Amino acid sequence: MLIFHVALISIGIVQAVVLILAMVGKKNEANSTHKWLIALCLLLVISLAEGVVDITGLDQEFIHLSILIIPINGLFLPLYYAYISDMVGSKLKGVLLVHFTPSLLMSLMVFPLLLLDGGVIIELFSGDMDDTYFGTLIFISFFLLLIITIVQGCYYIPACFKLLSNYKTLIGENLSFNEKISLTWLKVMTTGLAIIWVMLVIVLLTGELLSEHLLTALHLISAFLIITLNIFGLKQVNIFKRLRIDTHKLTDESTYVLKKEKYQRSSLDKALANKIHQSLLTFMDTEKPFLNNELSLSSLADSLDLTPHYLSQVINQVTNKNFFEFINSYRVQFAKELLLNSNDTVLNIAMNSGFNSKTTFYNAFKKDSSISPSEYRELKK
């Protein structure tokens with residue numbers, strides 16, 4: 001079992017190094033997101049290396065690593081929150097330095113300990129020097145780590161889930177497709193970090209009582225998260241970056257202005273909303289923009305000489321649907337005509353109606369008609 005644990009954690013270390021090298025080699029507009037991932041992966045490499053040292057019983061030979069890991073533990077959640085915020089195009093709340101001040105404070109506290117001889121540090125951990133200055137310093141450091149860990153977890157973990165929840169709503173309000181955008185892996189990552197946070201709090205509260213098994217589990221989960229990052233992280237960054245470009249007008253109040261002078265009002269009254277709605281319906285019937293399988297709110301708004309904000313408001317208020325549901329309703333109606341007037345396959349009809357996948361088509365069709373496309377074709381013909 002020991003060999004398996006060491007092997008899995010070592011795979012996590014290798015995966016982290018590969019991910020770092022891949023991100024360093026990428027030169028594109030997602031670099032601001034990559035910098036948070038690089039920092040997160042570097043710290044995970046150190047943390048996992050400390051795990052291997054601990055599991056293999058080499059902790060006394062590398063005792064300084066146990067001191068270094070104290071301030072590092074205070075960086076994981078702020079870095080992950082910064083990564084999620086940058087990924088979904090949300091600004092970090094507060095001054096950036098504030099998020100990393102606790103870890104900086106702990107670094108200043110443990111720095112004198114790093115200058116000590118390894119044998120002295122071992123005595124400190126064993127409790128033989130509790131009454132000395134350094135014994136008091138290491139006690140305060142771990143107590144401070146406990147307080148910071150509890151506070152960070154209570155703030156950052158719910159904040160990350162809230163960002164993902166809000167972004168899921170934003171996707172529905174801005175895109176007519178969602179096949180290439182997955183939030184599941186980010187939810188898995190956030191859940192994994194939440195589990196690690198709980199384990200770390202328990203370890204800090206119980207000391208040696210439960211620490212051995214929990215620390216091993218903690219490092220194994222960390223290795224799993226690194227593998228998840230390597231599989232999904234880089235692939236999703238550029239997709240999210242493009243979506244961020246498409247939605248920045250909706251998320252920035254300063255851009256809520258209409259392009260045409262006739263619509264430049266402080267609010268959208270009912271008469272104007274109905275007028276825009278009629279223009280939208282006419283455009284949908286004549287130009288059929290829904291056949292574009294990557295249609296976005298911003299591109300449709302450009303075609304109508306409106307801002308995304310006003311168009312989204314009209315769709316939500318008048319139709320009681322978000323953008324995703326509104327566009328797919330047109331695609332379903334178009335698909336119904338093809339199902340009755342052609343002998344083409346269901347998959348081809350789905351693609352020709354603006355859908356990106358058969359699954360999305362089936363889900364939208366059943367939501368609209370309560371039956372599958374094949375059943376609809378048999379029933380109506």
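Treat the numbers as computed from the prediction; the structure is a model and nothing was measured.
A 4.5 Å side-chain heavy-atom check between Glu287 and Ser303 finds every atom pair outside the cut-off. Side-chain contact between Ile84 and Trp36 is absent, with no heavy-atom pair separated by less than 4.5 Å. A heavy-atom distance below 4.5 Å is found between the side chains of Leu124 and Thr132. Looking at Met351 and Lys358, their side chains never come closer than 4.5 Å, going by heavy atoms from C-beta outward.
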Verdict with supporting geometry, Ser357 and Thr360, side chain to side chain donor-acceptor pair (under 3.5 Å): CA-CA 5 Å; Ser357 73; Thr360 305; 2.9 Å; yes
Steps toward side chain to side chain donor-acceptor pair (under 3.5 Å) verdict (Tyr80, Thr190): CA-CA 9 Å; Tyr80 183 71; Thr190 307; 2.8 Å; yes
Residues Ser372, Ser374; criterion side chain to side chain donor-acceptor pair (under 3.5 Å); working and verdict: CA-CA 5 Å; Ser372 70; Ser374 299; 4.9 Å; no
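Clustering ILVMFWY residues whenever any of their side-chain heavy atoms sit less than 4.5 angstrom apart, transitively, puts Ile69 in a cluster other than the one holding Phe143. Under the 4.5 Å side-chain heavy-atom criterion for Ile, Leu, Val, Met, Phe, Trp and Tyr, Leu272 and Leu281 are members of the same hydrophobic cluster. Tracing side-chain contacts under 4.5 Å through hydrophobic residues (I, L, V, M, F, W, Y), one reaches Ile195 starting from Val188; they form part of the same cluster. A continuous path of Ile, Leu, Val, Met, Phe, Trp and Tyr side chains, each step under 4.5 Å between heavy atoms, connects Leu146 with Ile138, placing both in one hydrophobic cluster. In the hydrophobic clustering of ILVMFWY residues, with side-chain heavy atoms under 4.5 Å counting as a link, Tyr133 and Leu108 come out apart.
For the atom pair Thr149 OG1 and Leu205 CG, the distance stands at 9.5 Å (nearest 0.5 Å). Annotation: the span from Phe355 atom CZ to Ile327 atom CD1 amounts to 10.5 Å, rounded to 0.5 Å. In this structure, Met109 CE and Leu137 CG are separated by 5.0 Å, a value rounded to the nearest 0.5 Å.
The shortest non-hydrogen separation linking Leu113 to His64 is O-CD2, 4.5 Å. Residues Pro373 and Val346 come closest through the heavy atom pair CB-CG1, 4.0 Å. Closest of all the heavy-atom pairs between Cys154 and Trp197 is N-CZ2, 4.0 Å. Taking all atoms of both residues into account, the shortest heavy-atom contact from Met106 to Ile70 is CE-O, 3.9 Å. Across Ile221 and Gly192, no two heavy atoms sit closer than the pair CG2-O, 4.0 Å. Among all heavy-atom pairs drawn from Arg331 and Ser353, the shortest one is CG-O, 2.9 Å.
Put simply, the side chain of Ser312 never gets that close to the backbone of Pro308: no donor and acceptor are under 3.5 Å apart. Between the side chain of Asn293 and the backbone N or O of Asn356 there is no donor-acceptor pair closer than 3.5 Å. In this structure a side-chain-to-backbone donor-acceptor pair under 3.5 Å is missing from Ser299 to Leu295. Remark: side-chain polar atoms of Ser369 are not paired, donor with acceptor, to backbone N or O of Ile371 under 3.5 angstrom. With Ser103 contributing its side chain and Pro71 its backbone, the two residues share a donor-acceptor pair below 3.5 Å. Here the side chain of Thr56 pairs a donor or acceptor atom with the backbone of Val53 at under 3.5 angstrom.
Within a 6.0 Å radius of CZ in Phe100, more than 12 heavy atoms belonging to other residues, nucleotides or ligands are found. Within 6.0 Å of CZ on Phe161 lie more than 12 heavy atoms contributed by other residues, nucleotides or ligands. Within a 6.0 Å radius of CZ in Phe283, more than 12 heavy atoms belonging to other residues, nucleotides or ligands are found. Within a 6.0 Å sphere centred on CG of Asp285, heavy atoms belonging to other residues, nucleotides or ligands number more than 12.
Within the structure, the salt bridge (charged side-chain N to carboxylate O under 4.0 Å, His left out) test picks out the following pairs touching residues 335-356 (sequence neighbours left out): Lys336-Asp368.
Partners of Tyr156 under the ring pair (Phe, Tyr, Trp, His ring centres under 6.0 Å) rule, at least two apart in sequence or in another chain, are Tyr81, His99.
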Can I get a per-line list of side-chain donor-acceptor pairs under 3.5 Å for residues 6-16, giving both atom names and the distance, sequence neighbours left out?
residue : atom : partner : partner atom : Å
Ser10   : OG   : Val6    : O            : 2.7
Gln15   : OE1  : Asn230  : ND2          : 2.4

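Between Leu77 and the choices Ile148, Ile196, Ile157, the side-chain contact (heavy atoms from CB on, under 4.5 Å) rule is met once, by Ile157. When each of Leu280, Leu297, Asn316 is tested with Phe326 by the rule side-chain contact (heavy atoms from CB on, under 4.5 Å), just one qualifies, namely Leu280.
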